[in-house]
Amino acid sequence: MRAYQIRYGLLALAISAALWGMSHGSSKIELGFDIPVAFVGMPEELVITRKSTEEINIRVLGPRAALRDISTNDLEYAVNLEGAKPGKAVYLVEETTLVMPQGARILSRSPATIELEFEQRARKSVRVRADLVGQPAEGFVFTEVEIDPPRVWLVGARSKVLRRSEVMTETVDVAGLNAPLEREVRLSLGADHIWVEEEKPIKLRIRVDPIPGSVVEEGAKNE
């Protein structure tokens, strides 16, 4: 008799646990999610120079189990930019474009609009100049600074690109240099909305030679 009581007691406990799980799985809760904004259909001749936001926050009401399965990695809010023109534009954030699990609904979204500014794209060839700091070792002098390629094409917002005549490399410390130096360097654009049209290595070659008549030169001759 006692064995039957234990068995029924365990069965009742299992049923109770299952009912508790079902009730909590189906109970509705409210959660917030930050969703990245993706811009699609961007006209090739334009550049975005200002965005009021790069993500939107939504508040969602739905079954606990359904909301638990939502991953922001799988969500994005797409803004269609087809037909955009230079200047300012405002896009309404529409909840209906976001697909929610069954039984869930969006209560609110923030912001309600996304403001963008567009500018005409431009392209320009500019020279590359090395940003060098320091002096070579005593008795040496710089005799050649070569950059390959010597020029690059910049693209980006027209107002930014057209005012540029050159672009600097990252800073290279040449203090105490007493032998040729060759290395790959990055470009330092120093401005938003401008980029290099073709990303490829920039090679910097620096040559130093003894100063004519210096102790260093005389020593090199005697070796």
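Predicted, not measured: the structure shown is a model, and the values here were computed from it.
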Side-chain donor/acceptor of [X] to backbone N/O of [Y], under 3.5 Å:
| X | Y | value |
| --- | --- | --- |
| S188 | M168 | no |
| E119 | V47 | no |
| K124 | L162 | yes |

Report task. Begin with the C-alpha distance, continue with both residues' side-chain angles, and end with the deciding distance and a verdict on side chain to side chain contact (heavy atoms under 4.5 Å, CB included) for Q135 and F140. Result -> CA-CA 9 Å; Q135 295 297 322; F140 286 86; over 6 Å; no

With a 4.5 Å limit on heavy-atom distance, are the side chains of [X] and [Y] in contact?
| X | Y | answer |
| --- | --- | --- |
| V208 | V174 | no |
| D148 | V128 | no |
| P86 | L46 | yes |
| V60 | L31 | no |
| I48 | L81 | yes |
| V155 | V161 | no |
| L98 | M100 | yes |
| V152 | I202 | yes |

Query raised in the report: Does E45 come within less than 4.0 Å of R121, counting only side-chain N to carboxylate O?
Result: no

Query - Electrostatic pair R50:E115 at N-O distance under 4.0 angstrom - result: yes

Query raised in the report: For atom CD of Q102, is the number of surrounding heavy atoms from other residues, nucleotides or ligands below 6.0 Å larger than 12?
Result: no

Query raised in the report: Within a radius of less than 6.0 Å around CD of E54, do more than 12 heavy atoms belonging to other residues, nucleotides or ligands occur?
Result: no

Separation between [atom1] of [X] and [atom2] of [Y], rounded to the nearest 0.5 Å:
| X | Y | atom1 | atom2 | answer |
| --- | --- | --- | --- | --- |
| R183 | I206 | CZ | CD1 | 7.5 Å |
| Y91 | F39 | OH | CZ | 9.0 Å |
| E166 | R129 | CD | CZ | 4.0 Å |
| R207 | T143 | CZ | OG1 | 4.5 Å |

Report summary line: Between T169 and D131 the two heavy atoms that sit nearest each other are OG1-N, 3.1 Å

Query raised in the report: Just by distance, with hydrogens left out, do S110 and N57 show a side-chain donor and acceptor under 3.5 Å apart?
Result: no

Query raised in the report: For L107, which fellow cluster members are found when Ile, Leu, Val, Met, Phe, Trp and Tyr are connected by side-chain heavy-atom distances below 4.5 angstrom, either directly or through intermediates?
Result: L61

**Report entry** Partners meeting side-chain hydrogen bond (donor to acceptor under 3.5 Å, both in side chains) with R163 (sequence neighbours left out)
**Finding:** none

